[in-house]
Q: 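This is the structure I have questions about; it appears just below.
Numbered from 1 within each chain, the chains take letters A, B, ... in sequence-line order. The figures here come from the full heavy-atom set of this structure, side chains too, leaving out hydrogens, waters and symmetry mates.
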Amino acid sequence: LYSYNTCISACEATGDWKLARDLVDRIYAAGLTPDTITYNSAISTCAPSGNVEEALRFLDEMNENLIRADTVTYNACLACFKYSKDPRGALDFLETMKARNIQLNVFSYASCLAALEHVANIDNSMKLLAEMKEKSIRPNVVVFNTIIGACAKAKDKDLALKIFDDMKAADVKHDEITYGALIDACAKVGDWEKAISLLHDMVQENLKPNLIIFNACISACEKGGQAFKALEIFQNMKSQGVTPDVISYTACMNACEKSGMWQKALDFFNEMKDEGIAPTILTYNACIRACAKGGEPAKAVEIFNSIRDNNMSPSTVSYNSVMMALERGGQPEKALEYFREMLKSNIAPDNLTFNQCLKAASKLQDADLSLKLYGDMIKLGLKPDRFSFYCCIETAAKQGKWEEAVKILRTMHQEGVMPE
RNA sequence: CCUUCAUAUCCUUUUC
């Protein structure tokens, strides 16, 4: 049984819950009885894919077979919500745990906080923190780090820094991850100076900046429009023996592109390939956008096509980016061709895709097209925003159709979209 | 610290 459990545990790294399922069945087939650890491990394999259904199936199976489900079991289930379709379900599950008299611990709250990070507002996280206090469960470094991470996602840098102070006041020792989350909070609002100052702080405290820390700093400089600072950090990390990865390169490329140095962005692209680092789809997208900004639509198309040559699929953003390049290059018809190709390839268009098309329709002065696109957006459940309406109005305006323009303005009001 | 639970880093449109 110990051997089986070890194997099941190994499935977590790859998130292979099917294999875990098979191994559990084999335990029974071998005439053995799985224990709590077997199921706890099996449930954990469902976390990377956010497969809550399968996790709960394992939990039910435990109950049917009278295998005791403990706090770790329930915590493992909670962790499955993070990447599920409904991460907020973690809150309900926490209530289920209470109702079933499962003893909550710091892991329960940390898992729940991690699940909420991407979807909820920070108030929810703060409530959970308060609840821990009530229950005399002391928040640990992971709990604080997770909350700081949530502040970063919500672009609330000040709250992130305040939590950091609270953490110190509570005598909870911070670590590299704390700094990583704090620097990310600065990055998200483009405060590159604070990000770099935090980098220095951690060095002072004898915490060694790792790859993620440097990458977050590069991103902070990029967002703050400081391309040269970003490149400086890129050099610094190398001289400190930290090898840049694909994220470092992609972040640098974005920094270059944002500052108008699109050739430099492409240089990075070539350099990373020379280093034997495989680009991700995000890297390709950064390249395409650099070409778009540089007024090189042909190059953008070339790189777009090379995505498939490298056995990857263009993403929605890839299409949006290549369409942007073509539009900027004065080829709106060609941009629309890519839109059609996108639909054929079953890549889901998003709001930006449609806005891009509406912009093309405006350039082509094609009011019928813009009307059709508007209808398609609604059909697909996408919400036209101010820019979508703006394009429609512009198209009507170019054709002197003022009545049509006024009509669109009214629709806009009805839809609750505020005009500028 | 060796069978089971939680945390940080990269991409897209804005009137002229």
Q: What contact category does A:S41 fall into here, base, sugar-phosphate, or nothing, at under 4.0 angstrom with non-hydrogen atoms?
A: sugar-phosphate
Q: Using whole Å, what does the distance between atom P of nucleotide B:U7 and atom CZ of A:F164 come to?
A: 20 Å
Q: Heavy atoms only, 4.0 Å cut-off, all strands: where does A:A114 land among base, sugar-phosphate and nothing?
A: sugar-phosphate
Q: Considering only atom P, compute the distance from B:C5 to B:C1 and round it to an integer number of Å.
A: 12 Å
Q: So, are A:R340 and A:E337 salt-bridged, with charged N and O less than 4.0 Å apart?
A: no
Q: Base, sugar-phosphate alone, or nothing: which one does A:K398 contact when heavy atoms must sit under 4.0 Å apart?
A: nothing
Q: Taking only side-chain N and O atoms of A:K258, does any of them lie within less than 4.0 angstrom of OP1 or OP2 on B:C10?
A: no
Q: Check the side chains of A:E394 and A:S362 for a donor-acceptor pair under 3.5 angstrom, ignoring hydrogens and angles.
A: yes
Q: What is the distance, rounded to the nearest whole Å, between atom OH of A:Y338 and atom C1' of B:U13?
A: 18 Å
Q: From the list B:A6, B:U12, B:U4, which nucleotide is the closest neighbour of the side chain of A:A110?
A: B:A6
Q: Round to a whole Å and report the spacing from OH of A:Y74 to P of B:U4.
A: 21 Å
Q: For A:A181, report the nucleic acid contact type (base, sugar-phosphate, nothing); a contact means any heavy atom under 4.0 Å.
A: sugar-phosphate
Q: Using only side-chain N and O atoms of A:K188, determine if any of them is under 4.0 Å from OP1 or OP2 of B:A8.
A: no
Q: Does B:U14 have its OP1 or OP2 closer than 4.0 Å to a side-chain nitrogen or oxygen of A:Y390?
A: no
Q: Give one of base, sugar-phosphate or nothing for A:D184, where a contact means two heavy atoms less than 4.0 Å apart.
A: sugar-phosphate
Q: Ignoring hydrogens and angles, tell me if any N or O in the side chain of A:T250 forms a donor-acceptor pair with the backbone of A:V246 under 3.5 Å.
A: yes
Q: Closest approach to the side chain of A:E12, judged atom by atom: which nucleotide of B:A6, B:U13, B:C11 is it?
A: B:A6
Q: For the P atoms, the ones on B:C2 and on B:A6, what distance do you get once it is rounded to whole angstrom?
A: 16 Å
Q: Of all the heavy-atom pairs spanning A:T243 and A:L211, show the shortest one and how long it is.
A: O-CD1, 3.4 Å
Q: Output the rounded distance in Å from CE (A:M253) to P (B:C10).
A: 15 Å
Q: With a centroid cutoff of 5.5 Å and a plane-angle limit of 30°, would you call A:F107 stacked on B:C5?
A: yes
Q: Can you pull the side chain to side chain donor-acceptor pair (under 3.5 Å) pairs that have at least one residue in residues 107-119 of chain A, sequence neighbours excluded?
A: A:N75-A:S108, A:N105-A:S108, A:Y109-A:E131
Q: Between the base of B:A6 and the side chain of A:N140, is there any donor-acceptor pair under 3.5 Å?
A: yes
Q: Would you indicate, yes or no, if B:U7 has its OP1 or OP2 atom less than 4.0 angstrom from a side-chain nitrogen or oxygen of A:K82?
A: yes
Q: Please report the distance, rounded to the nearest Å, between CG in A:L94 and C1' in B:A6.
A: 13 Å
Q: What does A:D245 touch in the nucleic acid at a heavy-atom separation under 4.0 angstrom: a base, only the sugar-phosphate, or nothing?
A: nothing
Q: For the ring pair A:F304 and A:Y319, is the centre-to-centre distance below 6.0 Å?
A: yes
Q: Roughly how many Å is it from CD in A:Q103 to C1' in B:C5, rounded to a whole number?
A: 15 Å
Q: In whole angstroms, how far is the P atom of B:U9 from the CD1 atom of A:I148?
A: 13 Å
Q: Base, sugar-phosphate, or nothing for A:N210, non-hydrogen atoms under 4.0 angstrom?
A: base
Q: Classify the nucleic acid contact of A:E327 as base, sugar-phosphate or nothing, counting any heavy atom under 4.0 Å across all strands shown.
A: nothing
Q: Please report the distance, rounded to the nearest Å, between CG in A:L198 and P in B:U9.
A: 15 Å
